[in-house]
Visitor: 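Just dropping this structure here.
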Protein chains: 2
Amino acid sequence: MSTQSPLSQAREGNTVDEMLEQVADEIIRGDIAPGTKLDARVMAERFAVSRTPVREMFAHLAAMGLVVRRPNRGVTVAEISDENLMAMYEAMAELEAACARLCALRMTLKERQSLQRLHQSALHHVRDGTTDDYEAYNLEFHSRLYAGAHSPCLRDMALTTRSRLQPFRHAQFRLPQRPSHSWEEHDAIVGAILAGDAEAAARATRAHVLQVSHGSRDYLESNRGNDRPRGAHTHHDGDGGCDA
Amino acid sequence: MSTQSPLSQAREGNTVDEMLEQVADEIIRGDIAPGTKLDARVMAERFAVSRTPVREMFAHLAAMGLVVRRPNRGVTVAEISDENLMAMYEAMAELEAACARLCALRMTLKERQSLQRLHQSALHHVRDGTTDDYEAYNLEFHSRLYAGAHSPCLRDMALTTRSRLQPFRHAQFRLPQRPSHSWEEHDAIVGAILAGDAEAAARATRAHVLQVSHGSRDYLESNRGNDRPRGAHTHHDGDGGCDA
DNA sequence: GGCCCGCGAAGTGTATGCACTTTTCCAAGT
DNA sequence: ACTTGGAAAAGTGCATACACTTCGCGGGCC
């Protein structure tokens, strides 16, 4: 969108990346529900390009794990089985635990102070109870963990995995007492990091993420009966399905 | 390859994937050196296809991190700076440590026995000194760690990261006493896993991988002066470069 | 003699067309 | 009436064609 370029062909650095960012965001935000089929032609029309760059975007989305491409049957936004969801959360837990461990060892003084400030200032979100606000804080908190590890590769893996999990985490904090529990778990993590206790930070983070995963699973299960009765999670999928 | 289909168009499930597997393998095996430019046209001729599927393959390779695509300037097989190499090894260490931790907790009896057998039977490779044999054992050993964690997502991440590291590990075991040291480090890992000591397994694995990373770095540095004097690692690359 | 500008060739990115596969729907048979 | 075969339509995948960008080179200008 934005600058309506008068020319017609050859740029790529803009075309595909812009589409990719936009569509990926829509999937991650949940605007496009898992299981939806993405038609290459309507995508092409929507962005006023031909099907070729759309196909390339699909390839990127598939590589990110946000969509699934089956040989001659088009692409659908990824739909994760319960087992896979738990497996991904488990990987996420290990990833974040590793980050937290490194945070405890390597965060700069500024980063530690900033983390603590962020964490403390979020306390009123817990009381006021604005779910969206807490979710924003939560996102930022975890991002700080990824960054504080000072390991770009780990950070990227964590961000990627989080992106793939994001479509399945919506309304995660709707459960009444979840924000307060979450904040307390964060508190343990912050404490361990500030104290420089690497193993404790790892343990606390792992526990926290696994706790979140249980929330996600319960939330999904409670919705299985109402929202989509025709078993949307039945594709077996063979391998783990989280190559990324 | 295999069945030389007489037809001409529309199959994808074979065409791109076969090319991808083959080229990725060549990059991983080091047949194509890092920094080499891959010409889309000659690729197309080589596989007797048009440039379209070749481009798709390039997209996949880029997503795997094996090649770098610059806007209008073609693709080159990935060349990793020293800092990025170390960062990737660090991530690898955390990934493998997490796997080892889970191995200690969840490996079946059969897996434990099989791991120990593999490890013990490799002892003679250390003495006989066939580097290739030891490397094969080493690959298998680590693969068992990934699998034994029973976490498909972690396994895939580990395999992906290993693929990206592989081109830079060649002749890693050429250093005289490396196999013997490596075997002893493996021994510590196996011991911890068999004993069910999760944290010890994680520590031992992390230490082992970091040890390997130092070997890789030293090997690269010792070759920097001779093999490629015109500084092949100077691209700054901005972000971490291991989005996976 | 050295630097800069413009032109040409090589190569990348996108559009379009065509071949094949899958799916759907309708008709004929049981 | 239900199932089953097949044909048409929809949609994916590849090839080819074309537009634009980048890099290299030679001639003109300082």
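Predicted model, so just to flag it, every value in this text is computed and none were measured. Reminder, nothing fancy here: chain letters follow the sequence lines and each chain counts from 1.
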Visitor: Nearest-Å distance, CZ (F58(A)) to C1' (dG13(D))?
Guide: 13 Å
Visitor: Let me know the distance between CG of D39(B) and P of dT22(D), rounded to the nearest Å.
Guide: 18 Å
Visitor: With DNA chain C as reference, determine whether T52(B) or L38(B) sits nearer its 5' end, using the nearest nucleotide of each.
Guide: L38(B)
Visitor: Just so I know, are the side chains of M57(B) and M43(B) near enough to count as touching, which here means a heavy-atom distance under 4.5 Å?
Guide: yes
Visitor: Over how many whole Å does the gap from F47(A) atom CZ to dA15(C) atom P extend?
Guide: 13 Å
Visitor: For dG13(D) and R55(A) - does any side-chain N or O of the residue sit under 4.0 Å from the phosphate oxygens OP1/OP2?
Guide: yes
Visitor: The criterion is side chain to side chain donor-acceptor pair (under 3.5 Å); which residues satisfy it with R144(A), sequence neighbours excluded?
Guide: S114(A), E140(A)
Visitor: Compute whether any side-chain donor of one residue and acceptor of the other, for R106(A) and S151(A), lie under 3.5 angstrom apart.
Guide: no
Visitor: Give the rounded distance in Å between these two atoms: CD of E45(A) and C1' of dG11(D).
Guide: 13 Å
Visitor: Please check if the number of heavy atoms outside E21(B) that lie under 6.0 Å from its CD is greater than 12.
Guide: no
Visitor: Rounded to the Å, how far apart are R51(B) CZ and dG11(C) P?
Guide: 11 Å
Visitor: If I take atom CZ in residue R41(B) and atom C1' in nucleotide dT16(D), what distance separates them, rounded to the nearest angstrom?
Guide: 12 Å
Visitor: Is the shortest side-chain N/O distance from R73(A) to OP1 or OP2 of dT23(C) below 4.0 Å?
Guide: yes
Visitor: Of the options dT12(C), dT12(D), dA15(C), whose atoms approach the side-chain atoms of S50(A) most closely?
Guide: dA15(C)
Visitor: Could you state the atom-to-atom distance from CD of E18(B) to P of dC14(D) in whole Å?
Guide: 12 Å
Visitor: Select one nucleotide: of dG11(D), dA15(C), dG13(D), the one nearest the side-chain heavy atoms of R69(A).
Guide: dG13(D)
Visitor: Which of these nucleotides, dT12(D), dA15(C), dT21(D), is closest to any side-chain atom of N72(B)?
Guide: dT21(D)
Visitor: To the side chain of T15(A), which of dG13(D), dT14(C), dA15(D) is closest?
Guide: dT14(C)
Visitor: Only counting residues at least two apart or in another chain, list the ones meeting side chain to side chain donor-acceptor pair (under 3.5 Å) with Y137(A).
Guide: H119(A), H186(A)
Visitor: Given atom CE of M57(A) and atom P of dG13(C), what is their separation to the nearest angstrom?
Guide: 17 Å
Visitor: Output the single nucleotide from dT12(D), dG11(C), dA15(C) whose closest atom is nearest the side chain of K37(A).
Guide: dT12(D)
